[in-house]
Amino acid sequence: MRAPGCADVGRPRREVRPRWRLTIAACAAATFLILVPSAALASGGFPARGELDCNGVSTVQKPVRQSMNCTDIRGVAGVDNANVWNSRFYDNGTYIGHDEPDMTFLSSRPGTGNNVTWTERIPSDPSALPTSTNPGHDVTHWFELSPAPWFSMAMCDPNSYPGNSCTPQSDANAPSPSCLGPNPCTGYTGGGSAFMEMQFYPPGDPPFVDSISCDDSHWCAALTIDSLECRGFGFPSCNSACEEPVNFAYIQRDGVPTGPAAPQASDLQSFTPNRQTLLMSPGDVVRVHMYDAPVPGGRGQRAFEVVVDDLTTHQSGWMQASAANGFATSSFTTCANTPFNFQPEYNTAQKNNIVPWAALQTNISTEFETGHWISCSTVAGGPVTFNLSSTITDATYTQCQGLYEASAPGGDGGSTSEPTDAYCYPAGDTHGALNTAPDLATGCEDNVTQNGDLDFDGNPYWADWPVGPNPTYNTAGSFLQAPPTSGPGTGGRAAGGPGGANGQYSQFFIQTDVALSESTCAGPAGPGCAAPPPNAPGHFYPYWSETGGPGGCVIEFGNVHGPGVNDFGGDAQYGTDQFTAYGYPAFEGPVMNNTCGGRGGNHRR
């Protein structure tokens with residue numbers, strides 16, 4: 001896959017090996033439209049750093065956090081412009097797809113699209129430190145497997161794709177079915193849509209601003225909302241300054257963001273935990289309630305809110321995506337921010353109630369973002385100094401050396417799919433002036449220059465995932481998640497929000513967009529369209545399982561199988577390539593009845 005220049009428009013494609021980090025040539029207005037007035041930007045219209053583009057390739061602003069976990073964007077078959085080629089989306093000429101295995105829950109019951117509660121036990125890591133000497137059998141911690149397990153919900157955003165008005169909590173916002181596939185559609189009626197990810201961050205690889213973790217011993221969490229500033233079928237027009245703006249705020253015990261939440265204003269404090277940041281320990285059982293809540297002092301205003309109750313420590317944290325907390329919507333034409341109360345987009349969780357621009361076909365889901373870490377024996381290509389603010393710098397490396405990297409096609413550093421492995425840090429790094437807890441392992445995040453592990457040689461594509469609820473010598477324990485519930489209950493802030501402890505979701509299905517990042521998956525049922533990816537040297541891909549217990553059953557993810565476990569056929573659960581139906585490589589399994597009922601919080605141990 002390569003990003004097209006103007007001379008490529010309309011020509012048949014033959015090359016399938018990716019060249020992921022190319023710059024788009026200046027193109028005719030008919031194929032590429034830059035909408036931000038250059039004079040306004042040159043005069044200092046935005047801070048030098050922020051999160052105008054979650055993928056870090058804004059034409060007017062450098063990112064604050066160097067490795068955001070962004071919403072993956074779909075492609076469209078047969079479309080060839082500066083933003084889409086070969087059924088993949090490019091942000092300013094950079095392929096930004098990555099790997100998101102997902103379990104989506106469905107229900108036609110009112111309220112299931114906007115009021116959901118998850119209960120889960122946070123996993124523990126092995127007591128031994130990570131190793132990098134025996135791929136497939138190394139000691140592996142959660143930060144090496146997933147930088148951000150998350151729960152999702154669609155949000156109304158009239159400035160986000162497709163740019164239409166949006167009535168909160170209404171199924172009338174659903175996109176026209178004709179616009180969900182590869183054929184050009186007209187009369188698009190879907191509401192403007194943003195993607196909320198309630199993300200958890202594992203311990204062991206701090207600092208969060210340029211790595212993965214808040215510290216070496218606790219999990220933390222944040223509310224993130226990604227929008228897409230593109231228009232038209234096949235995204236012919238995107239604002240190059242703010243293609244995927246992201247609002248971000250930690251879950252806080254006092255509900256106050258650590259720094260500015262809006263994309264235009266994010267700074268180092270936005271991504272630095274403080275004394276009020278909710279920290280959770282491995283083994284804690286937590287309840288996560290996500291719903292539309294009154295805005296304190298807002299005179300009838302409402303906004304989306306996340307409440308996290310740690311049932312083990314009896315601490316709670318919350319965050320509301322409100323204008324009062326600094327959340328903002330971004331102008332498609334100028335990227336300027338307008339303070340905004342984000343609210344859930346849909347009433348129900350029916351199958352077509354989705355974020356129409358996202359690669360995942362989902363609203364209510366649990367997901368384990370993966371494919372962002374590779375263990376190294378040493379790091380090279382540096383040190384390279386970069387700025388985190390006007391006064392704070394850090395040093396990183398760009399190349400991984402070791403058995404994992406050597407296992408990839410082309411050998412150590414020889415793969416053409418990844419120009420670098422950055423950002424890379426040695427074990428023990430305390431990150432200069434940031435003075436963090438030391439990194440527990442030598443490795444690379446492998447998601448900056450191309451936003452994913454495109455040669456699939458990192459730890460997530462080896463069989464080092466959890467094999468059960470508790471850690472072994474070399475594998476971490478699994479998350480134990482009760483199926484989501486929706487309806488009135490006991491959750492919510494002390495101020496009086498409704499909970500979600502009653503109604504079950506009747507159905508679910510399993511999906512993954514891993515094939516988007518496989519260069520040899522170039523069309524319907526292509527040779528590279530498989531899970532595990534054919535080029536993965538570890539020949540492994542994690543999967544979902546259900547296990548029974550006294551109060552019902554729980555969901556696990558990783559390499560969990562055996563007696564008493566329903567693993568849905570292992571990787572067969574991801575179903576078939578939906579290229580013909582959707583116009584881009586995506587695996588989707590059949591819709592199944594949710595028989596995993598029972599009470600949340602009764603976890604197998």
Side-chain angles (χ1 to χ4, degrees), residues 110-120 150-157 166-170 173 193-200 220-227 246-262 270 276-278 280 286-311 315-329 339-347 349 355 363-366 484-503 600:
T112 52
N114 56 62
N115 188 333
V116 60
T117 295
W118 299 85
T119 304
E120 65 181 7
W150 48 254
F151 301 128
S152 70
M153 186 182 289
M155 296 286 121
C156 273
D157 182 355
C166 182
T167 302
Q169 303 184 99
S170 171
N173 298 313
S193 188
F195 198 93
M196 190 288 304
E197 297 179 8
M198 194 347 251
Q199 299 180 345
F200 287 83
C220 58
L223 190 168
T224 73
I225 299 177
D226 290 31
S227 302
V246 57
N247 285 263
F248 176 95
Y250 287 113
I251 304 301
Q252 298 285 104
R253 291 187 294 120
D254 61 359
V256 179
T258 59
S270 304
Q276 292 296 328
T277 302
L278 181 66
M280 297 156 283
V286 300
R287 180 177 60 213
V288 181
H289 182 209
M290 309 190 306
Y291 69 117
D292 193 47
V295 175
R299 297 183 181 180
Q301 296 181 41
R302 302 184 71 87
F304 174 76
E305 182 171 295
V306 172
V307 178
V308 180
D309 294 315
D310 190 320
L311 305 181
Q315 293 192 90
S316 295
W318 61 282
M319 183 54 58
Q320 188 171 56
S322 64
N325 272 336
F327 284 73
T329 180
F340 189 68
N341 292 332
F342 285 94
Q343 292 185 261
E345 184 163 21
Y346 295 112
N347 179 16
V355 176
N363 176 20
I364 304 298
S365 75
T366 174
T485 58
S486 178
T490 59
R493 275 187 288 141
N502 292 335

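For reference, positions follow the sequence shown, starting with 1. These numbers come from the heavy atoms of this one structure, side chains and all, not from hydrogens, waters or symmetry mates.
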(request) Kindly determine whether Arg302 and Asn341 satisfy side-chain contact (heavy atoms from CB on, under 4.5 Å), including the steps that lead there. (result) CA-CA 7 Å; Arg302 302 184 71 87; Asn341 292 332; over 6 Å; no
(request) Work out which heavy atom in Ala249 is nearest to a heavy atom in Ala261; give both atom names and the distance. (result)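 Closest approach of Ala249 to Ala261: CB-CB, 4.4 Å.
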(message) Looking at every heavy atom in both Cys220 and Tyr250, which two are closest together, and how far apart are they?
(response)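 That closest heavy-atom pairing would be SG-CE2, 4.3 Å.
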Is it the case that the side chain of [X] and the backbone of [Y] share a donor-acceptor pair, with hydrogens and angles ignored and the cut-off at 3.5 Å?
X	Y	answer
Thr117	Thr485	no
Ser270	Pro260	yes
Asp310	Ser316	no
Thr112	Ser486	no
Asn173	Glu345	yes
Asn325	Gln320	yes
Thr366	Phe151	no

Under a 4.5 Å cut-off applied to non-hydrogen side-chain atoms, are [X] and [Y] in contact?
X	Y	result
Asp157	Thr329	yes
Asn363	Met153	yes
Ile225	Phe340	no
Glu197	Asp226	no
Asn347	Asn114	yes
Trp150	Ser365	yes

(request) Would you give the length of the straight line joining atom CE of Met198 to atom CH2 of Trp118, rounded to the nearest 0.5 angstrom? (result)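 That separation rounds to 11.5 Å.
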(request) Calculate, to the nearest 0.5 Å, the distance between atoms CE and CG belonging to Met319 and Asn247 respectively. (result)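 Interatomic distance, Met319 CE to Asn247 CG, rounded to 0.5 Å: 11.5 Å.
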(message) Test of understanding: with ring-ring contact (aromatic ring centres under 6.0 Å, His included), list the residues that count as partners of Phe304, not counting sequence neighbours.
(response)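 Testing Phe304 for ring-ring contact (aromatic ring centres under 6.0 Å, His included), a comparison that skips the adjacent residues, returns none.
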(message) Using the rule side-chain contact (heavy atoms from CB on, under 4.5 Å), only one of Leu278, Asp309, Val286 pairs with Gln315; which is it?
(response)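 Testing each of Leu278, Asp309, Val286 against Gln315, the sole residue satisfying side-chain contact (heavy atoms from CB on, under 4.5 Å) is Leu278.
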(request) Indicate the ring-plane relationship of His289 and Tyr291, choosing parallel, tilted or perpendicular according to the 30° and 60° boundaries. (result)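 Plane angle under 30°, so parallel.
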